[in-house]
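Working notes for the structure below.
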Amino acid sequence: MKPRHAPLRSRRAPAMHWLVLAAGSAAACGLLAGCGGSGDTAGAAIQGSGQDQSITLFSGQHEQTTNGLVTAFEKQTGIKVNVRNDDEDTLANLIAVQGSHTPGDVFFTENSPPLEFLQEKGLLSKVSPATLADTPAKYDSPDGDWVGVSARVSVVVYNPSLITKSQLPTSVMQLADPKYQGKLGIAPSETDFQPIVTSVTRTYGQAAALSWLEKVKSNAASHTFPDNETLVSDVNRGQVAFGVINEYYWYRLKAEIGASAMHSQITYFAPHDPGYVIDVSGAGVLKYSKHQAAAQKFLAFLVSKKGEEIIGRAGGDEQSYEYPIGSGVTISAPETPFGQLQPNPITIAQLGDGAAAINLLRQAGLL
């Protein structure tokens with residue numbers, strides 16, 4: 001697993017999205033299948049004899065985050081967790097193709113749409129009500145099929161030597177302004193970008209969203225990146241003036257290279273702007289898991305006080321720079337306090353499975 005101080009490049013392949021041809025997914029399925037393997041009260045409930053038990057976790061989360069959680073869960077329960085890392089969209093597509101033959105037990109994501117995709121296909125088990133009770137309902141599956149674990153927020157990252165804060169767009173819609181041609185960087189194949197597209201579509205409609213994407217593509221023609229890690233690094237190095245990312249990528253870069261090497265800053269779009277989006281990382285138990293009880297224990301641990309403190313802690317090789325949202329835990333790292341954010345009020349249900357956003361990105365030639 002990639003330590004925090006390894007070069008900040010994505011561990012993931014370019015996003016394939018879960019609406020790809022089944023043939024490609026089936027090939028990936030064969031490849032993967034051939035591989036091996038709330039407080040103190042909630043924590044106590046997770047305890048048990050885990051000897052000789054194991055579960056397989058399909059994880060689209062960052063490996064640093066997953067590593068810290070898995071290590072603590074194994075120590076607390078004795079249940080071994082075999083982790084399979086890949087893009088969350090690739091894994092969601094794979095699970096859909098595997099169906100009842102999946103070797104997986106739990107699916108852990110960076111964003112909610114891949115979980116909603118599997119929920120729509122009936123491939124997730126209901127989450128224990130006690131586990132759901134540890135997080136605010138608005139960050140959980142509307143149908144109780146997965147639980148929210150942590151959150152991130154979209155921001156503008158910029159290099160003050162190339163563009164001043166006053167020159168930046170205050171709305172995501174302004175990314176289409178011709179004055180930003182050659183200055184804007186985007187990572188459209190990242191699943192983090194899809195919720196922004198969905199938010200724009202919900203606010204202005206599909207036709208306006210497509211027109212916006214086409215103009216954004218033109219403005220970012222020479223600065224379209226495969227992932228957020230590359231985008232934030234290039235902004236920091238002065239290769240591009242600004243871009244849109246989830247803020248934790250900036251904090252991860254700062255932790256990696258040190259404050260003295262940071263030449264970029266971050267800011268937010270205007271309050272409630274469609275580009276100011278909260279993304280929720282979640283986890284669900286796969287319907288055809290052969291280890292349902294152990295898998296439910298893992299979900300309960302993720303949102304327990306101990307699990308959420310791992311997400312929210314400052315320092316350590318597995319610091320996530322994400323916002324914990326369960327068991328009343330708050331972040332101890334330097335981000336803006338979660339309660340002070342002013343995002344677009346789009347709901348988990350409205351973000352949906354991301355299919356419409358993917359379709360628009362394809363129509364615009366960004367995928």
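Since the structure is predicted, the reported quantities are computational estimates derived from the model, not experimental observations.
- Of the candidates Val157, Leu162, Leu175, Phe242 forms a side-chain contact (heavy atoms from CB on, under 4.5 Å) with just one, namely Leu175.
- Looking at Glu247, its side chain never comes within 3.5 Å of a backbone N or O of Arg152 through a donor-acceptor pair.
- Residues Val285 and Asp105 form no side-chain contact, since every pair of their non-hydrogen atoms from C-beta on lies 4.5 Å or further apart.
- Using a distance-only test at 3.5 Å, with no hydrogens or angles considered, no donor-acceptor pair links the side chain of Ser233 to the main chain of Glu229.
- No hydrogens or angles considered: a donor-acceptor pair under 3.5 Å links the side chains of Asn246 and Asp279.
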>> Between Asn236 and Lys254, does the side-chain contact (heavy atoms from CB on, under 4.5 Å) criterion hold? Intermediate values first, please.
In response: CA-CA 10 Å; Asn236 193 65; Lys254 184 178 180 180; over 6 Å; no

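- Around atom CD of Gln206, no more than 12 heavy atoms belonging to other residues, nucleotides or ligands sit under 6.0 Å away.
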> Going through the distances and angles, do Asp192 and Tyr249 end up as a side-chain contact (heavy atoms from CB on, under 4.5 Å)?
Replying inline: CA-CA 11 Å; Asp192 296 339; Tyr249 289 102; 3.2 Å; yes

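- Remark: side-chain polar atoms of Ser199 are paired, donor with acceptor, to backbone N or O of Pro274 under 3.5 angstrom.
- Contact check for Leu299 versus Trp146: no side-chain heavy atoms found under the 4.5 Å cut-off.
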> How far apart are the C-alpha atoms of Val172 and Trp212, what are their side-chain angles, what is the distance that settles it, and do they pass the side-chain contact (heavy atoms from CB on, under 4.5 Å) test?
Replying inline: CA-CA 10 Å; Val172 73; Trp212 169 75; 3.6 Å; yes

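- By the 4.5 Å heavy-atom criterion applied to side chains, Val303 and Ile325 are not counted as neighbours.
- Closest heavy-atom contact between Pro343 and His272: O-ND1, 3.1 Å.
- The shortest distance between side-chain heavy atoms of Ile266 and Val156 does not fall below 4.5 Å.
- Grouping the Ile, Leu, Val, Met, Phe, Trp and Tyr side chains by contacts below 4.5 angstrom, directly or via other members, places Leu351 apart from Val197.
- If you check the side chains of Trp250 and Gln265, you find no donor sitting under 3.5 Å from an acceptor.
- Side-chain atoms of His62 and Tyr248 include a donor-acceptor pair closer than 3.5 Å.
- Nearest heavy atoms, Tyr268 versus Val153: CE2-CG1, 4.1 Å.
- Using a 4.5 Å heavy-atom cutoff, the side chains of Val240 and Lys183 are not in contact.
- Checked against a 6.0 Å centroid threshold, the rings of Phe58 and Phe107 do not count as neighbours.
- Heavy-atom minimum distance, Ile245 versus Leu231: CG2-CD2, 3.6 Å.
- For the pair Val147/Leu302, no side-chain contact is recorded, criterion being any heavy-atom separation below 4.5 Å from C-beta on.
- In this structure, Glu190 contributes its side chain and Asn228 its backbone to a donor-acceptor pair below 3.5 Å.
- Scanning all heavy atoms of the two residues, the minimum distance from Ala209 to Leu360 falls at CB-CD1, 4.0 Å.
- Environment of NZ in Lys126: crowded, with over 12 heavy atoms of neighbouring residues, nucleotides or ligands closer than 6.0 Å.
- Taking all atoms of both residues into account, the shortest heavy-atom contact from Pro226 to Ser189 is O-OG, 3.4 Å.
- Between Pro337 and Ile331, the closest side-chain pair of non-hydrogen atoms is not below 4.5 Å.
- When all heavy atoms are compared, the tightest approach of Pro142 to Ile348 is CD-CG2, 4.0 Å.
- In this structure the side chain of Val280 never reaches within 4.5 angstrom of the side chain of Val149, judged on heavy atoms.
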